[in-house]
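Values reported hereafter were calculated over all heavy atoms of this structure, with side chains retained and with hydrogens, waters and symmetry mates removed.
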Amino acid sequence: MSADLLAPETRVLAVASHVVYGQFKGTRATADEISALYEGLCQSYLTDFDVMLSGYAPSAAAVEAVGAIGQDLQRKAEKKPGSFFWVLDPVMGDQGRLYVNDDVVPAYKKTIHHADLILPNQFEAEILSGIKITSLSTLAEAITAIHATYNVPHVIITSVQLSKLPGSPSAESAPAPNDLTIIGSTTRSDGSPRLFRVDVPALDCVFRGTGDMFAALTVARLREAVFAADSQLQKTKSWISPDDVKATDLPLAQATVKVLASMHTVLEKTMEGRDAELRSAVTQGDEQLTVEERQKREHLRKTKAAEVRLVRNARFLRDPVVEFRAQEWRTENFPPQLR
């Protein structure tokens, strides 16, 4: 790819924590440590960031510390609208279960209204909106409520199975039964959502770190799409497109399509590698283990084999083959009983 087609050079401050395979080994950064690291950056005049990407924070105090950093960077950029953008992944839980302390939830609710883009999954969107997503209409209501309640300009709900919701789309636009749907929206000037969706085939594998991968790729692709749009958008607070820009033409939609193209190919290649690794796995000595020990070892073996093969397939990050297109998602096209 020629240099002029690359995403613009971007200085990113990434703040996140992680665990190792569910063993929960290592240490968690405290709020004081997070704040101290940022103070060090300030003292060294290293705060000219274009984007901040914040992910999993281990405590309410840590969420608040990250929020304070984001707000400080926003204040530093006030004189140059559009020069700083905050992407926040409100990591709280999944599949109907919180995996953070209860006090993390209100901490996020106080923080996310400062962000420009948030990336909740379906469960997290329900927590933030206060709306249980059980149908197309409640999904649209949840996104609208998040925009309105928190004044967040951009939202992507990273995984929804539309086919499992009552009142799924009409036959000509319905996703396949096992498809995952990514729903995105950028507000208009009146706060109403511009909704789009992208359907991708679900892959039969449990991967680790796909949320972080999605968030990181979104940072690069969104800034690329903004710079490819009208130059005025680069100087617009929160990169909110004019009202006449259709949902499918939004930089957020264009970025999402490329991100999902890269991810799907990389994850397919990872599955191929996983299957080959498991076929050649040496299990000598397993027969001497207890059933519980064998199950644990097999789980860890499969988990390790499914580590995302990112570097080996980096070419698909740079040159994604786009197969999945964004579709405008109009609430007026829902069945009458679901509007």
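Looking at Thr265, its side chain never comes within 3.5 Å of a backbone N or O of Phe316 through a donor-acceptor pair. Remark: the backbone N or O of Gly191 is not paired with any side-chain donor or acceptor of His147 at under 3.5 angstrom. A donor-acceptor pair under 3.5 Å is absent between the side-chain atoms of Ser192 and the main chain of Arg188, judged by distance alone. Although no hydrogens or angles enter the test, the distance criterion places no donor-acceptor pair under 3.5 Å between the side chain of Ser231 and the main chain of Phe227. Side-chain atoms of Asp243 come within 3.5 Å of backbone N or O of Ser189 as a donor-acceptor pair. Without hydrogens or angle criteria, Ser83 side chain to Lys80 main chain gives a donor-acceptor distance under 3.5 Å. Not a single donor-acceptor pair under 3.5 Å links the side chain of Thr10 to the backbone N or O of Val12. Distance alone, capped at 3.5 Å, is enough to place a donor-acceptor pair between the Glu293 side chain and the Thr290 backbone. In this structure a side-chain-to-backbone donor-acceptor pair under 3.5 Å is missing from Glu39 to Ser35. Between the side chain of Thr138 and the backbone N or O of Ser135 there is at least one donor-acceptor pair closer than 3.5 Å.
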Assess the residue pair Thr186 and Trp239 against the criterion (side chain to side chain contact (heavy atoms under 4.5 Å, CB included)); give the C-alpha distance rounded to whole Å, side-chain angles, the decisive distance to 0.1 Å, and a yes or no. CA-CA 10 Å; Thr186 296; Trp239 301 339; over 6 Å; no
In sequence, state the C-alpha distance, the side-chain angles, and the governing distance for Leu41 and Phe49, and then conclude on side chain to side chain contact (heavy atoms under 4.5 Å, CB included). CA-CA 11 Å; Leu41 291 174; Phe49 296 104; 4.1 Å; yes
Stepwise side chain to side chain contact (heavy atoms under 4.5 Å, CB included) check, Leu195 with Ile183: CA-CA 7 Å; Leu195 293 159; Ile183 304 288; 4.2 Å; yes
Does Thr158 form a side chain to side chain contact (heavy atoms under 4.5 Å, CB included) with Thr210? I'd like the steps, not just the answer. CA-CA 10 Å; Thr158 54; Thr210 52; over 6 Å; no
Run the salt bridge (Lys or Arg N to Asp or Glu O under 4.0 Å) test on Arg309 and Glu272 for me, step by step, so that the C-alpha distance in whole Å, both residues' side-chain angles and the decisive distance to 0.1 Å come before the verdict. CA-CA 10 Å; Arg309 285 154 166 82; Glu272 292 172 8; over 6 Å; no
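Heavy-atom minimum distance, Ile34 versus Ala62: CD1-CB, 3.9 Å. Considering all non-hydrogen atoms of both residues, Val321 and Ala261 come closest at O-CB, 3.5 Å. For the pair Ala145 and Ile131, the tightest heavy-atom approach, listed with the atom from each and the gap, is CB-CD1, 4.0 Å. Taking each heavy atom of Gly70 and Phe84 in turn, the nearest pair found is O-CE2, 3.9 Å. Shown here for Ser129 and Ile146, the closest heavy-atom pair between the two residues is CB-CG1, 4.0 Å. The shortest heavy-atom contact between Phe324 and Val200 is CD1-CG1, 3.6 Å.
Under the 3.5 Å distance criterion, with hydrogens and angles disregarded, no donor-acceptor pair is assigned to the side chains of Gln74 and Glu78. Side chain to side chain, Ser238 and Asp116 meet the donor-acceptor criterion of an N or O pair below 3.5 Å.
For the atom pair CD1 of Ile240 and CG of Leu233, the computed distance is 9.5 Å after rounding to the nearest 0.5 Å. Within the model, atoms CG of Leu53 and CG of Leu88 stand 8.5 Å from one another, a figure rounded to the nearest 0.5 Å. Note: Lys258 NZ to Thr218 OG1 = 13.0 Å, rounded to the nearest 0.5 Å. Here CZ of Phe214 is found 7.0 Å from CE of Met263. Values are rounded to the nearest 0.5 Å. Going from atom CD of Gln295 over to atom CZ of Arg297 covers 13.5 Å, rounded to the nearest 0.5 Å. Thr181 contributes atom OG1, which lies 3.5 Å from atom CG of Asp199 (distance to the nearest 0.5 angstrom).
No side-chain heavy atom of Gln122 sits less than 4.5 Å from a side-chain heavy atom of Asp94. Contact check for Arg97 versus Tyr99: side-chain heavy atoms found under the 4.5 Å cut-off. At least one side-chain heavy atom of Leu98 sits less than 4.5 Å from a side-chain heavy atom of Val105. Here the side chains of Met271 and Phe207 are in contact, with some heavy-atom distance below 4.5 Å. Residues Tyr108 and Val100 fail the side-chain proximity criterion, which asks for heavy atoms closer than 4.5 Å. Between Val152 and Leu117, every side-chain heavy-atom pair lies at or beyond the 4.5 Å cut-off. Side-chain atoms of Leu250 and Arg194, non-hydrogen and from C-beta on, do get closer than 4.5 Å to each other. Between Arg223 and Val226, the closest side-chain pair of non-hydrogen atoms is not below 4.5 Å.
Ion pair Arg221/Glu224 flagged as a salt bridge, since at least one NZ, NE, NH1 or NH2 atom sits closer than 4.0 Å to an Asp/Glu carboxylate oxygen. Ion pair Arg274/Glu307 not flagged as a salt bridge, since none of the NZ, NE, NH1 or NH2 atoms sits closer than 4.0 Å to an Asp/Glu carboxylate oxygen. Comment: Glu328 does not engage Arg197 in a salt bridge, judged by the lack of any side-chain N to carboxylate O separation of less than 4.0 angstrom. With respect to the salt-bridge test (charged N to carboxylate O, under 4.0 angstrom), the residues Asp72 and Lys76 qualify.
The cluster map of Ile, Leu, Val, Met, Phe, Trp and Tyr, joined by side-chain heavy atoms under 4.5 Å apart, puts Leu73 and Leu37 in different clusters. Tracing side-chain contacts under 4.5 Å through hydrophobic residues (I, L, V, M, F, W, Y), one reaches Leu222 starting from Val322; they form part of the same cluster.
Heavy-atom neighbours of Arg11 CZ from other residues, nucleotides or ligands within 6.0 Å: above the threshold of 12.
Checked against a 6.0 Å centroid threshold, the rings of His154 and Phe85 count as neighbours.
For the side-chain contact (heavy atoms from CB on, under 4.5 Å) with Ile118, the qualifying choice from Leu128, Asp89, Val87 is Leu128, the only one to do so.
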